[in-house]
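Contents: one structure, followed by commentary.
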Amino acid sequence: MLSPERLALPDYEYLAQRHVLTYMEDAVCQLLENKEDISQYGIARFFTEYFNSVCQGTHILFREFSFIQATPHNRASFLRAFWKCFRTVGKNGDLLTMREYHCLLQLLCPDFPLELTQKAARIVLMDDAMDCLMSFSDFLFAFQIQFYYSEFLESVAAIYQDLLAGKNPNTVIVPTSSSGQHRQRPPLGEASMLEGVEASLFSQCLENLCDRHKYSCPPPALVKEVLSNVQRLTFYGFLVALSKHHGINQALGALPDKGDLMHDPAMDEELERLLAQVPGLVNSAPANPEASCLPSRTPPRVGSPWRPLHHARKVDAESDGSTEETDESET
Amino acid sequence: MIPGKYRSVSGRAANNVNCGLHLVIQTSSLPEKSKVEFKLNKETPSFSGRLLQHDLERNYSSRQGDHITLASSSMPSFPILQRSSEEKILYSDRLTLERQKLTVCPIIDGEEHLRLLNFQHNFITRIQNISNLQRLIFLDLYDNQIEEISGLSTLRSLRVLLLGKNRIKKISNLENLKSLDVLDLHGNQITKIENVSHLCDLRVLNLARNLLSHVDNLNGLDSLTELNLRHNQITFVRDVDNLPCLQRLFLSFNNISTFESVCCLADSSSLSDITFDGNPIAQESWYKHTVLQNMTQLRQLDMKRVTEEERRMASVVAKKEEEKKRESHKQSLLKEKKRLTINNVARQWDLQQHRISSIAPNQDGKVSDCPQDPSQLRGSTVSAFPEETGSLDSGLTSALQGLSVTDTHLVEVDGDTLSLYGSGALESLDRNWSVQTAGMVTTVSFTFIEFDEIVQVLPKLKIKFPNSLHLKFKETNLVMLQQFNALAQLRRVDQLTVDPQGNPVVNFTLWKYYVLFRLSHFSMQKINGTEVTQNDMIMAERLFGILAHVASSELPQYRLISILGDARKKQFRYLLETKGKKPGLVNEENSDSKRLVGENTNRATLNYTTRDFYNARLEEIKEKKKFCKMYMEDLVKEATEINMKNEALQKLWPQMFIELVRDAVIEIRNKSSYMKLCLQQITDQK
């Protein structure tokens, strides 16, 4: 606990980096809202439950968007929850429109903004034909990149526009909130003769960005890897490459690999149990719904922390390696 | 022979004409002259055996006949008729020249007191040479070839004029026949009734088998009792009510198809006998009772007596028809009103949805005015309520005019369907519905209403219309799957119809499965008309089952409670009290609370709050969040201060410790002085 680098940071910064305050504030807020009920069964238990759910990644279920967006851990948990709940849709092979995916997102977060889904869809569809159908895995990975790294992507977009316009790449660019992606295309110059920007130049800029960016970025090494494969690339080409990169996915740690995307044995078991009760639902009179539809209970994972599915994890180079610590500090 | 029907009608002249006179033609022996001789034979028994012979010479010089001689006159074309003096004395007032093959009327000399003249069955083309017979009462020209009525102007005493079966095209030249009693013009080519207005003594007028297409111009016939218009092409009848004495009217075999075309008959109080057979009107189902109802004075219809029973039936049927007509009229008015209202509601809806970009300024004012001025609104209408619609009639016409301006919603109950158009209609759910009506309603249809608004009245719907099993949504702005969560609070829904028009959610591939999943406790039968199969249910569960599982078992307790709301809170509290508050019992309590909470509880947390409510709630929470933030900041400050102090202490402690130890050692170095010091301290304390 008393590792030296922790003591090196001043207090507030330390807390902020771990987003401890966010969770504490939220916990207290929840406590206030449900005063009467919680006071019944004890504040200590409430806090236990709360932080358990934070660890498990269930704290973001049906919460407002501002909370879900607040910390990287929240974002990752949300992605994971979305995957878990709607993996079956993907497994079924249905191709859905952007609006329908947005609808599914809204089932978990009622005020999820349409913009984000649209941006994610743009990545999949390469900014073309926005009404096209998308597969679950395509959408999910693109959405992951867009949602988890949204601020980073905005800055990247700004940089890209500047490079397209031929501006000096070494000037410090301060990204404004949302204007980055809506800038007008510059008048035709040399850069537009070939599509996109030069990869090496782009790579340099992104490195600078990662260094000073306070929001989470993809691991710079991996970004470099992506950019080293090509000569030139467009903005959406870059994003697509990011979304399909396995390493980045693993570094994020929210979703399983593409190959394993449809694979979740525990949930499948649960589903089978539920399915076994469906004939009972249809035939029996509604007078007895509780007995027939009560799913047999699996004990909730009270104590088990949330772990990413894949086992070979990259221990280093994560901007928030908080999962390790919470594991140990939990029990 | 004089047709029998006139026997009783005419005066004395008719009675004397029972005899028939035979004309026998004899040709002369003289080669250069063909002579014609006529014999007259009596046919009636009372005069049997007596023969009268007339000789009529056609265009030639006279010849001696037995009794009658036809001498050639100064005019070479007309034969002259003469009778023997015996005949003249015996039948001084009648003369019969039936079937004599006459082509012209002969000149009749010396018969000035003749009263009856019979020219039946000849070939006479013009009425001539009878002007001198000024006492003539009865003139029969039946079955000739007369083309024009003429030559009658001196016959002022004429009472019976029979011109049937001729070729007369026009009624004319009857001006002086003011005493005419019977006028028979049947079997001619008359197209129009005219020039009869002066015949104020006329009692029988026969115009059967002519070419009449309509009947009018009947004024002046003040004595007319019988009017025969059979076998014409009459389509309408007028002026019959101007005939004060008309009792019998025969209109068989014409072209009358509606009662309106003969409606003047209803106003004729004298009519007692009428025939319509052979007309199109007689084929109609409403013929008999319409006629009987409109002509209550009738005694015979189509030659059959009208019984009291028939009359009664007719009036009953007529009343029913009247009512039916009124009813259907009312219905069509109501339908029109409904249509206009719905159009109005649709337009308002479109405006609301910003589909109509250009809005006329007065419309704009209207739109903004309507919700603010409820007294102007005509409000809702309810149809198919017999007891309530009685008073609508008077208001309807005026309302129809003002309709497009004021009506903004429509509520309609039609047997088992309750239809609501426009958001204002939702207020009608507050009304006191009769138990019977409300109980019959099984289908509720919402059109042009925002779904979010419907969600708020669903509890009311549950209570007021407990049997509603089928919900229909059209133009209700269903855009999210989440919105279907709101339907879970109803008691039961068997069928759901979501019209693609105005409901974008239908475009989603998964919407039906989501509905089946979320509302699985209803065991729905049909969605949008298609039956729900077992496979559908399984698919729905397969797609969204995990969502339900996650939503129930992976939510922490307090979240579960806060989402599920008050009712469940109470149940849960009760549960807690009985079960105790041990933290380890999380599992069991979880399952128990689920068991208590009615419907498919693992889905119960999937709720829908309308956008407005959601935002309002978030606003409320903002205050709390601010407070929490401040509170946390204070706590953090405290904690960091303590931490700082702790760290500072950690840093300083070794030094401090050493100093403490050193101070202590220095103190105890001189044992004796230290002892003294301690003792001193103890005594000082006391």
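Reminder, nothing fancy here: chain letters follow the sequence lines and each chain counts from 1.
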Let me know if [X] has heavy atoms under 4.5 Å from chain B in its side chain, its backbone, both or neither.
{"X": "R63(A)", "result": "both"}
{"X": "F62(A)", "result": "both"}
{"X": "H102(A)", "result": "neither"}

Please tell me if the side chains of [X] and [Y] come closer than 4.5 Å, counting only heavy atoms from C-beta onward.
{"X": "F544(B)", "Y": "T88(A)", "result": "no"}
{"X": "Y514(B)", "Y": "L107(A)", "result": "yes"}
{"X": "K625(B)", "Y": "S66(A)", "result": "yes"}

Does the pair E541(B)/R273(A) count as a salt bridge with the N-to-O cut at 4.0 Å?
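Between R273(A) and E541(B) there is no salt bridge, as every charged N stays at least 4.0 Å from the carboxylate O atoms.
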Between V532(B), N507(B), N615(B), L510(B), the one whose heavy-atom pairs under 4.5 Å with chain A are most numerous
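Of the candidates given, the most pairs with chain A belong to L510(B).
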Between M480(B), R542(B), M539(B), K624(B), which has the largest tally of heavy atom pairs under 4.5 Å with chain A?
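Greatest number of close heavy-atom pairs with chain A: R542(B).
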Please say whether more than 12 non-hydrogen atoms of neighbouring residues, nucleotides or ligands are located less than 6.0 Å from [atom1] in [X].
{"X": "Y614(B)", "atom1": "OH", "value": "yes"}
{"X": "F67(A)", "atom1": "CZ", "value": "yes"}
{"X": "I43(A)", "atom1": "CD1", "value": "no"}

Using modelled atom types and a 3.5 Å cut-off, is there a donor and acceptor pairing between side-chain atoms of E100(A) and backbone atoms of T509(B)?
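Yes; judged by distance alone, with no hydrogens or angles, the pair exists.
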Side chain, backbone, both or neither: which part of [X] has a non-hydrogen atom closer than 4.5 Å to chain A?
{"X": "M524(B)", "result": "neither"}
{"X": "V479(B)", "result": "backbone"}
{"X": "F508(B)", "result": "both"}
{"X": "L635(B)", "result": "neither"}
{"X": "F627(B)", "result": "side chain"}
{"X": "L481(B)", "result": "both"}

Distance check, rounded to the nearest 0.5 Å: [X] atom [atom1] versus [Y] atom [atom2]?
{"X": "W83(A)", "Y": "I546(B)", "atom1": "CH2", "atom2": "CD1", "value": "8.5 Å"}
{"X": "E25(A)", "Y": "M632(B)", "atom1": "CD", "atom2": "CE", "value": "6.5 Å"}
{"X": "Q482(B)", "Y": "L108(A)", "atom1": "CD", "atom2": "CG", "value": "9.0 Å"}
{"X": "M24(A)", "Y": "C628(B)", "atom1": "CE", "atom2": "SG", "value": "10.0 Å"}
{"X": "L543(B)", "Y": "L271(A)", "atom1": "CG", "atom2": "CG", "value": "9.0 Å"}

Most heavy-atom pairs under 4.5 angstrom with chain B, which of [options]?
{"options": "A44(A), S53(A), C29(A)", "answer": "C29(A)"}
{"options": "L32(A), L31(A), D94(A), L61(A)", "answer": "L61(A)"}
{"options": "T97(A), D111(A), V89(A), L95(A)", "answer": "D111(A)"}
{"options": "T58(A), L96(A), D26(A), L133(A)", "answer": "T58(A)"}

